[in-house]
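By convention here, the first residue in the shown sequence is residue 1.
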Amino acid sequence: MRKTYFRFSLILLVCIASVSALAAGAVRYKWRDAAGNLHYTDSLPDNANVIGYDVVSGQGILVKRVAPDMTPEQKAVAKVAAASERSAQADADRQEREDQQLLAANPTEADLLNTQKQQIEMIELQITSLQTVLQSLERNLTDLLGRAAELERANSAVPAKLSSQIAAVRGKIDQQHGLLDRQQAGKEKTSQGFQAELDRYRGLREKYKQH
């Protein structure tokens, strides 16, 4: 709040100085030409917006600085730089929020280790559930294939309905294998990230301890 008040006061003083200088008719312009030569004049050159200039008082005090207009190329570069800066700031803010959440959710290192253990147990529970469903589907497929084999041995045609059931169960088995593979890969990835999370937690604890 104090910093904001100081900045406001400074801007107000500059504005007062500018108005006072204008009222006294003592305003001059300071600018450099294409060759780099410095000029002090009572009026601006035609290309003032291109080269930029300073407004100074009769005592040579800077009243206002007017930057030169940017070229389209410079504007494009500035736009990219501004977007990059916003993105970096957003990443920094997100990381700060995540760090604070990590500390708030885990008052001690033991709490974090227990949280990690619970995460793995939850994934393992999901894996076990998928394996149970998969085993049931495989038993169902074995039964359906057995019935089809009996019909073939008796030189009887396999009904379209039975063939359709076999195809459907095989599809479900393939889908279940895919889910199981993703869960197992997720478990491995989660486990690998635990050490990095623990190191980060320890670093944050040390950082705030010093403060």
Margin query: Just so I know, are the side chains of V77 and Q74 near enough to count as touching, which here means a heavy-atom distance under 4.5 Å?
Written below: no
With no hydrogens and no angle check, just 3.5 Å: does a side-chain donor-acceptor pair link Y208 and Q100?
yes
request  = Would you confirm whether S84, through its side chain, and V80, through its main-chain N or O, come within 3.5 Å as a donor-acceptor pair?
outcome  = no
- Item | Side-chain heavy atoms of D33 within contact of L38, under 4.5 Å | no
d(L198 CG, R200 CZ) to nearest 0.5 Å is 11.0 Å
- Query: Any side-chain heavy atom of Y201 sitting closer than 4.5 Å to one from N106?
  - Reply: yes
- Message: Looking at T190 and G186, would you say the former's side chain and the latter's main chain have a donor-acceptor pair under 3.5 Å?
- Response: yes
Notebook entry, point to check: Are the side chains of P159 and L151 in touch, meaning some heavy atoms are under 4.5 Å apart?
Noted result: yes
Do N49 and P68 come close enough that some side-chain heavy atom pair is under 4.5 Å?
-> no
**Asked** Does a side-chain heavy-atom distance below 4.5 Å link V63 with V56?
**Response** no
Minimal heavy-atom distance between F194 and Q119, with the atoms involved, is CE2-OE1, 3.1 Å
When rounded to the nearest 0.5 Å, the distance separating CD of E109 from CG of N114 is 12.5 Å
What one should report as the nearest heavy-atom pair of R28 and D42 is NE-OD1, 3.3 Å
ask   = Do L134 and K172 come close enough that some side-chain heavy atom pair is under 4.5 Å?
value = no
Pair D91-Q95, side-chain hydrogen bond (donor to acceptor under 3.5 Å, both in side chains): steps then yes or no
CA-CA 6 Å; D91 289 342; Q95 186 64 62; over 6 Å; no
One should read off an interatomic distance between Q184 CD and L130 CG, to the nearest 0.5 angstrom, of 9.0 Å
Between the CG atom in L125 and the CD atom in Q118, the distance rounded to the nearest 0.5 Å is 12.5 Å
In terms of heavy-atom contacts, does CD of E85 have more than 12 from other residues, nucleotides or ligands at under 6.0 Å? no
Correct closest heavy-atom pair for A148 and I166 would be CB-CD1, 4.0 Å
Item checked: Close side-chain approach of K79 to K75, heavy-atom, < 4.5 Å -> no
salt_bridge(D54, K64) N-O dist < 4.0 Å
no
Test side chain to side chain contact (heavy atoms under 4.5 Å, CB included) applied to L145 and R170, step by step:
CA-CA 11 Å; L145 290 174; R170 279 177 170 159; 3.6 Å; yes
Here the pair of heavy atoms bringing L103 nearest to R205 is CD2-CD, 3.9 Å
Value for CD (Q195) from CD (E197), rounded to nearest 0.5 Å, stands at 10.5 Å
- request: Using the six-membered ring wherever Trp is involved, compare the ring planes of H39 and W31 and label them parallel, tilted or perpendicular (cut-offs 30° and 60°).
  value: parallel
SB check R94 E98 (cutoff 4.0 Å): yes
E152 backbone acceptor or donor facing S156 side chain under 3.5 Å:
no
According to a hydrophobic-cluster definition based on side-chain heavy atoms being under 4.5 Å apart (Ile, Leu, Val, Met, Phe, Trp, Tyr only), do V50 and M70 belong together?
no
Correct closest heavy-atom pair for I127 and K187 would be CD1-CD, 4.2 Å
Between the CD1 atom in I120 and the OG1 atom in T115, the distance rounded to the nearest 0.5 Å is 12.5 Å
